[in-house]
Novice: 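Provided herewith is a single structure, encoded as structure tokens, for subsequent inquiry.
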Amino acid sequence: MRMSQLFTKTSKTIPADEQAKNAQLLIQAGYVYKEMAGVYAYLPLGIRVLENIKQIVREEMDAIGGQEMIMTNLQRQDVWEKTDRWDEKNVDVWFKTKLQNGTELGLAWSHEEPITEMMRSFIASYRDLPVYTYQFQTKLRNELRSKSGIMRGREFVMKDMYSYTVSEEAHKKFYDSVIDAYLRVFERVGLGDCTYLTFASGGAFTQFSHEFQTVTDAGEDTIYLHRGKKIAINKEVLTDEVMGQLGVKRDELEEVTAAEVGNIFSFGTKKSEPLDLYFVDEDDQRKPVILGSYGIGITRLMGVLVERLADEKGLVWPVNVAPFKMYIAALGVNENVTKAAENLYNTLTTAGVAVIYDDRDVRPGEKFADADLMGIPYRVVVSEKTLANNQYEVKARTEAEATYLDFDAVIKKVAS
RNA sequence: CGGGGUGUGGCGCAGUUGGCUAGCGCGCCUGGUUUGGGACCAGGAGGUCGAAGGUUCGAGUCCUUUCACCCCGACCA
């Protein structure tokens, strides 16, 4: 991508109507556009980050047997009535609308019911199980108050996975594999060292559910960390009994604020019974299917990355999720400089490496400031000075010192 | 939903107790000089002050209603 063709612009000032650091920086750097409170559009830079995060999640979900699909945003009333969740007294985040003939529809705030209803078409026998399916979907929630920028919006992207298994044992096994997969996801997006498997309130079928909480002041939850065991307990379930079960002592725990980036939950037969999702086992016995649901807030994760990693100069992206790996800044309007920069840009682009080439006729300071604000992991400077030694100046976003490399070394640096 | 705050060119802001043709910085357009950390000079375009109603000789400044946005709280399968 050439900087001169990118339609978004960076701004020298932060938007006055945003308080959250993630929203301030993402808007300032041109990653997102605020349509209204809690509703953000993802611009060319923003969607690249989002897609990179999704791809990591996709790979990990596929690795444990997940099959990707996508449900609909318009939902039926009758499906939700089966679990008594159509009523706004029970679910207060509904957006609803009507067909022209007056039929009421719901706008998807979750997909547990519709997807389970759908599975009746495909699950009849134990031979059809297990099923693990997931999607990346936009959820619409009529939150009373949105806040924290893209971390708590009325419209957001979530990866939600659902498991359908024959027994509690089979469920438990998959559930545990999801925990491992999630930990790999958070490791790969660059939050491994500050994201904790957290014990939270369960439901009718299990004592606990599990959350994945990333430590950040921008979060909304209070959790108690056990750094040694790399686990945490949500404040809502912190009791002597729970601490005893998990083998931790109160004075080993550290109270911190965190953001929930993932949640996994066992439903048992709580959904399958009212929604009539049964299967027949080897002994011709009719049994309800065991359900689990597993979510990762994709857009929230992006917000948390900003909150955790940004510095006083702007955004900072880990290489794995950055919109571009390298920012090529050509300094001056010199012909040789332009030629060398174009060559580097073309070589990397042809090799499939995402790089952004600042080909604008602006002063060096502006290019440096934009490279920093946009948070591109590596910045390479091409100028008469560097070319005099047949070299390129390469600086990591998170480091102060630059190194000088020749052409092949620059390629090697980002092509790995 | 309760409490608090804010709406003035694209962005960030200033506009004393109501008073003349509504300012400033950034950005934008034209020309020129510049080119290693957001340059400089000259000239220019762009707002009717969130919206509606009212008080007044006169309203960005006062009153009423309303909309939007931010923050705190409550809420968050």
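Please read all numbers here as calculations on a predicted model, not as lab measurements. A note on names: the letters A, B, ... follow the listed sequences, proteins ahead of strands, and every chain is numbered from 1.
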Novice: Do you know the tightest heavy-atom contact between A:V79 and A:P114?
Specialist: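 Minimum heavy-atom contact is CG1-N, 3.8 Å.
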
Novice: Considering only atom C1', compute the distance from B:rG23 to B:rA14 and round it to an integer number of Å.
Specialist: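 Between the two C1' atoms, the distance is 7 Å.
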
Novice: Specify the residues of residues 112-119 of chain A, ordered by number, for which at least one heavy atom lies under 4.0 angstrom from an atom of RNA chain B.
Specialist: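 Only A:E112 qualify.
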
Novice: Anything under 4.0 Å to a heavy atom of chain A counts; send over the first and last such nucleotide of RNA chain B, read 5' to 3'.
Specialist: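 Reading along RNA chain B, I get B:rC1 to B:rA77.
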
Novice: Tell me the stems RNA chain B sits in, counting at least three consecutive Watson-Crick or G-U wobble pairs, each under 3.5 Å on both distances.
Specialist: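 When the pairs of RNA chain B are grouped into runs of at least three, the stems are B:1-7 with B:67-73, B:10-13 with B:23-26, B:28-33 with B:39-44, B:50-54 with B:62-66.
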
Novice: Using a strict threshold of under 4.0 Å (side-chain N to carboxylate O), is an ion pair present between A:D358 and A:R360?
Specialist: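 Salt bridge flag = yes for A:D358 with A:R360.
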
Novice: Under a 3.5 Å cutoff, is there a donor and acceptor pairing between the side chains of A:D221 and A:Q213?
Specialist: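 A pair is found: one side chain offers a donor N or O, the other an acceptor, under 3.5 Å apart.
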
Novice: Can you check the distance between B:rU61 and B:rU48, where both ends of the measurement are the P atom (answer in whole Å)?
Specialist: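 Comparing P positions in B:rU61 and B:rU48 gives a spacing of 15 Å.
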
Novice: Would you tell me whether A:T195 and A:Y182 have side-chain atoms, one donor and one acceptor, within less than 3.5 Å of each other?
Specialist: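 No pair is found: no donor N or O on one side chain lies under 3.5 Å from an acceptor on the other.
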
Novice: Please figure out whether A:D361 or A:T13 has its closest RNA chain B nucleotide nearer the 5' end.
Specialist: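 It is A:T13 whose nearest nucleotide is closer to the 5' end.
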
Novice: With sequence neighbours excluded, give me every side chain to side chain donor-acceptor pair (under 3.5 Å) pair touching residues 28-38 of chain A.
Specialist: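 Pairs touching residues 28-38 of chain A that pass the test: A:E18-A:K34, A:Y31-A:W317.
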
Novice: What are the residues of residues 67-97 of chain A, sorted by number, that bring a heavy atom to within less than 4.0 Å of RNA chain B?
Specialist: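 Close to the strand are A:R85, A:D92.
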
Novice: So A:F136 and A:Y134, would you call those rings parallel, tilted or perpendicular, with 30° and 60° as cut-offs?
Specialist: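 Perpendicular, since the angle between the ring planes exceeds 60°.
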
Novice: Is A:K21 reaching over with its side chain to a backbone N or O of A:G149, donor-acceptor style, under 3.5 angstrom?
Specialist: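 Absent.
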
Novice: May I ask you to list the residues of residues 15-34 of chain A, by number, that have any heavy atom positioned under 4.0 Å from an atom of RNA chain B?
Specialist: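 A:P15, A:A16, A:D17, A:Q19, A:K34 - these, ordered by number, are the residues of the stretch whose heavy atoms sit under 4.0 Å from the strand.
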
Novice: Contact class for A:R379 vs. all strands (heavy atom < 4.0 Å): base, sugar-phosphate, or nothing?
Specialist: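 It contacts base atoms.
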
Novice: Expressed as a whole number of Å, how far does the C1' atom of B:rA74 sit from that of B:rG3?
Specialist: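 Rounded to whole Å, the distance is 11 Å.
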
Novice: Expressed as a whole number of Å, how far does the C1' atom of B:rU55 sit from that of B:rC63?
Specialist: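 Each nucleotide's C1' atom is 7 Å from the other's.
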
Novice: Between the side chains of A:Q391 and A:D406, is a donor N or O closer than 3.5 angstrom to an acceptor N or O?
Specialist: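 Looking only at side-chain atoms, A:D406 and A:Q391 do not form any donor-acceptor pair under 3.5 Å.
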
Novice: Locate the shortest heavy-atom distance separating A:W109 from A:Q75; write the atom from each residue and the value.
Specialist: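 Here A:W109 and A:Q75 meet closest at N-OE1, 4.5 Å.
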
Novice: Could you check whether A:E51 pairs with A:K54 (Lys NZ or Arg NE/NH1/NH2 to Asp/Glu carboxylate O, under 4.0 Å)?
Specialist: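 Salt bridge between A:E51 and A:K54, a charged N being under 4.0 Å from a carboxylate O: yes.
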
Novice: Looking at A:F186 versus A:F212, is the centre-to-centre ring distance below 6.0 Å?
Specialist: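 Yes, they do, as the ring centres are separated by less than 6.0 Å.
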
Novice: Thinking salt bridges, do A:E104 and A:K98 make one under a 4.0 Å N-O criterion?
Specialist: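 No, this pair does not count.
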
Novice: For A:S201, does its backbone N or O pair with a side-chain atom of A:S209 as donor and acceptor, under 3.5 Å?
Specialist: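 Yes, the answer is positive, given that a donor and an acceptor are paired below the 3.5 Å cut-off.
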
Novice: Once you apply a heavy-atom cut-off of 4.0 Å, does A:E143 come out as touching a base, just sugar-phosphate, or nothing?
Specialist: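 The residue A:E143 makes no contact with any strand.
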
